[in-house]
Amino acid sequence: MTQLFQHPTYRRMFDEWEIYKELYDGVEEIIRTQKYTPKFVCEETDDGKKAYTARLNRTFYTNLLEPIISIWLGWLFQKPPSIDAVVEIFDGDEENIDGFGTDLNEFLYEMGKNYLLYGATYLTVDAPNVESASKLADQALGKRPYCRLFNPLEVPDWIESTANYSTYGALTEVNFQWPALKDRTSTKTKPEEMFLRRILSLSNTGVVSELYRAEHKSVNENDRDLGQQQALLTLRNEDIDWTLHRPVGAIDIDELPVIRCLSESWIKDIVPELRRRHQLVCSYENILHYQAYKKTFIFGEPISDSPKNMSENAVMFFKAGGSVYESTAEDPAALEKRIEAVTETIFKIALHQLRQIPGTSKMVQSDSTIREEKEPQIAAAKTAICELEYIANGMVRLWAKFRSKKKYDPKKHVISFNKEFTLQHVDELSKQWAVFRDEIAQVDSWRKALLKKISAKQEYTKEELEKIFAEIDGLKANKPKEEPPARKYA
């Protein structure tokens with residue numbers, strides 16, 4: 001048995017990363033816990049437990065995080081990354097980059113989602129540990145590189161170089177962990193879950209790979225509670241015995257085949273507001289539920305011990321001096337406004353539009369304000385593109401090493417992401433056209449050149465563009481404006 005550990009940064013950030021994942025996945029069983037839906041004071045007692053459980057069951061989570069991430073992904077990937085320059089490096093494997101049938105563009109999209117959600121993203125390039133004598137033998141055995149993405153929850157420990165300044169901060173050892181099923185030879189055998197943990201370390205002779213496993217049966221199913229079960233499934237605790245699952249192997253490569261991008265999560269500032277909104281909605285739904293009831297209470301000593309339904313007749317069974325109280329539901333109007341305000345705040349922060357006027361407002365923003373609002377979006381998108389290109393082209397470089405591609409050129413064999421954002425382009429052209437539209441209209445060559453530039457930026461086919469350009473060239477020149485005749489006065 002071997003004990004493996006967790007990096008201090010991993011332990012410190014685990015709860016935060018886990019919240020990002022759970023709010024994005026939106027699994028009701030997880031959201032319906034005290035972590036996201038805390039108890040009211042009256043529900044802390046034994047009598048309040050049933051009321052709390054009932055409240056959880058009638059509250060549903062509205063997942064705003066997934067569409068926010070999708071909005072950004074749709075903008076960053078409005079045009080697929082250009083992979084033409086790296087096709088010869090992947091040599092046909094770009095259609096199945098991870099060994100599970102994922103093509104390269106789909107893989108890059110998933111990489112973008114990891115980047116936006118967590119900020120920290122890990123990508124590895126590896127190949128099956130199969131001995132062969134030639135390239136043909138490799139193909140016969142199915143030996144080929146494959147890529148895999150890991151989010152920071154799946155990277156519990158690592159070591160960074162501090163030996164010299166040239167490699168300072170570079171990874172020299174890294175651990176990855178993921179859930180897996182034990183191998184079975186028949187469906188008549190009960191599937192058993194386990195966790196695998198792979199350790200890649202850089203040595204003087206290359207990269208050393210070790211694979212360990214932790215089995216769920218190490219904890220008695222009947223003895224563990226939900227908290228213990230969650231701790232085991234996520235491997236948060238270090239008190240787990242690991243067994244060597246596969247003998248130590250070597251990878252013939254001179255660097256750790258891992259690309260790491262450490263950035264801040266794009267959603268960290270809206271997570272508190274997402275949690276706040278869910279709690280407000282939970283309170284709102286609770287009020288709406290109890291609005292269907294009107295409860296009346298009588299305080300006093302009854303004449304009879306037998307229970308009676310509340311009615312005028314039942315009041316006669318109470319001695320003189322009793323008091324009648326009525327409990328009515330609260331007005332949810334204030335909660336409705338608060339939920340609306342929090343929702344507006346979520347999208348303002350998420351989309352970098354802090355000065356955006358609420359959708360219910362009748363006010364209209366000026367053109368200059370709208371353009372100013374879009375500038376942070378454009379700057380953030382360009383930053384994301386640079387970091388995504390860094391990860392993607394690091395993957396190309398490692399793939400070339402595994403394939404022993406001697407013709408690999410880091411300046412030539414690159415994946416290029418779209419850097420021309422339609423929103424910015426349209427704004428610039430609109431501004432130019434507004435200022436110079438009369439002058440442009442009078443200069444025939446200028447007018448045609450601008451029309452061609454606008455057309456070229458649209459997603460038309462080559463044949464469609466040729467037809468459009470031909471029709472633009474055939475346009476007749478505009479007649480110069482005639483000055484109106486001077487008014488004559490008698």
Side-chain angles (χ1 to χ4, degrees), residues 13-40 43 52-77 102 106-107 109-121 149-155 177-179 193 195 226-227 229-236 263-289 332 335-336 338-352 359 384:
M13 294 294 296
F14 186 94
D15 289 338
E16 190 171 332
W17 289 331
E18 188 178 53
I19 289 171
Y20 297 165
K21 183 179 188 304
E22 290 172 349
L23 290 178
Y24 182 84
D25 292 342
V27 179
E28 292 289 349
E29 287 75 10
I30 296 176
I31 302 298
R32 288 175 177 174
T33 59
Q34 288 195 56
K35 181 176 181 179
Y36 297 102
T37 314
K39 291 182 178 181
F40 297 147
E43 294 170 339
Y52 175 66
T53 302
R55 182 164 66 89
L56 289 180
N57 290 336
R58 55 176 182 264
T59 301
F60 296 90
Y61 172 61
T62 302
N63 191 344
L64 298 181
L65 184 54
E66 192 278 333
I68 286 172
I69 294 291
S70 296
I71 288 171
W72 277 110
L73 285 173
W75 203 36
L76 295 175
F77 289 86
T102 307
E106 185 181 351
F107 186 82
Y109 187 88
E110 190 68 21
M111 181 182 75
K113 187 182 81 174
N114 259 13
Y115 167 80
L116 294 174
L117 190 59
Y118 300 104
T121 303
L149 286 171
F150 290 94
N151 65 54
L153 287 168
E154 299 170 313
V155 188
Q177 66 184 28
W178 63 92
E193 215 173 9
F195 258 86
L226 180 62
Q229 183 178 3
Q230 291 294 336
L232 180 66
L233 293 177
T234 57
L235 299 183
R236 293 188 62 172
S263 183
E264 283 194 338
S265 168
W266 280 41
I267 54 109
K268 71 179 184 66
D269 294 326
I270 65 170
V271 163
E273 299 301 319
L274 289 168
R275 299 180 72 177
R276 189 196 316 277
R277 185 186 185 282
H278 177 67
Q279 292 174 22
L280 288 169
V281 170
C282 188
S283 299
Y284 177 77
E285 296 288 349
N286 196 59
I287 289 175
L288 292 184
H289 172 76
L335 270 176
E336 286 179 357
R338 183 60 178 149
I339 292 169
E340 182 181 334
V342 171
T343 304
E344 290 278 357
T345 301
I346 289 170
F347 280 94
K348 283 182 179 180
I349 297 174
L351 302 179
H352 300 275

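These numbers come from the heavy atoms of this one structure, side chains and all, not from hydrogens, waters or symmetry mates. Just so it is clear, the model here is predicted, and its values are computed rather than measured. Residue numbers run from 1 in the order of the sequence given.
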Only counting residues at least two apart or in another chain, list the ones meeting salt bridge (Lys or Arg N to Asp or Glu O under 4.0 Å) with [X].
X: R55; answer: E43
X: D25; answer: K21
X: E16; answer: none
X: R276; answer: E273

Item to check | Matching residue for L280 among E285, R338, R275 - test: side chain to side chain contact (heavy atoms under 4.5 Å, CB included) | outcome: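 So the option named by the test is R338.
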Considering all heavy atoms of both residues, which atom of [X] and which atom of [Y] are nearest to each other, and what is their separation?
X: N63; Y: L23; value: OD1-O, 3.3 Å
X: L73; Y: G112; value: CD2-C, 3.7 Å
X: I31; Y: Y36; value: O-CB, 3.5 Å
X: T59; Y: C282; value: OG1-SG, 3.3 Å
X: A350; Y: I270; value: N-CG2, 3.8 Å
X: S283; Y: F40; value: OG-CZ, 3.6 Å

[X]: partners by side chain to side chain contact (heavy atoms under 4.5 Å, CB included), with sequence neighbours left out:
X: Q279; answer: P38
X: S70; answer: E66
X: E336; answer: Y284

[atom2] on [Y] to [atom1] on [X], rounded to 0.5 Å:
X: I71; Y: F347; atom1: CD1; atom2: CZ; result: 5.5 Å
X: I267; Y: I68; atom1: CD1; atom2: CD1; result: 9.0 Å
X: T53; Y: R58; atom1: OG1; atom2: CZ; result: 10.5 Å
X: T343; Y: L274; atom1: OG1; atom2: CG; result: 9.0 Å
X: Y61; Y: R277; atom1: OH; atom2: CZ; result: 9.0 Å
X: K348; Y: D269; atom1: NZ; atom2: CG; result: 15.5 Å

Which residues pass the ring pair (Phe, Tyr, Trp, His ring centres under 6.0 Å) test with [X], sequence neighbours left out?
X: W72; answer: W75, W266, H352
X: Y109; answer: F77
X: Y52; answer: none

Next on the checklist: Working note: E110 + T102, criterion side-chain contact (heavy atoms from CB on, under 4.5 Å); need CA distance, chi angles, decisive distance, verdict.
Outcome noted: CA-CA 10 Å; E110 190 68 21; T102 307; over 6 Å; no
Next on the checklist: Could you work out, with side chain to side chain donor-acceptor pair (under 3.5 Å) as the rule, every residue matching T37, not counting sequence neighbours?
Outcome noted: H278
Checklist entry - Does the side chain of Q177 reach to within under 4.5 Å of the side chain of F150, using non-hydrogen atoms? => result no
Item to check | Q34, CD atom: more than 12 neighbouring heavy atoms under 6.0 Å | outcome: yes
Checklist outcome for this item: Quick note, salt bridge (Lys or Arg N to Asp or Glu O under 4.0 Å) partners involving residues 30-39, not counting sequence neighbours, are E18-K35, E22-K35, E28-R32
Item to check | Pair I19-V271, side-chain contact (heavy atoms from CB on, under 4.5 Å): steps then yes or no | outcome: CA-CA 8 Å; I19 289 171; V271 163; 3.6 Å; yes
Next on the checklist: Determine whether a donor-acceptor pair (N or O, by modelled atom type, separation under 3.5 Å) exists between the side chain of S265 and the backbone of L117.
Outcome noted: yes
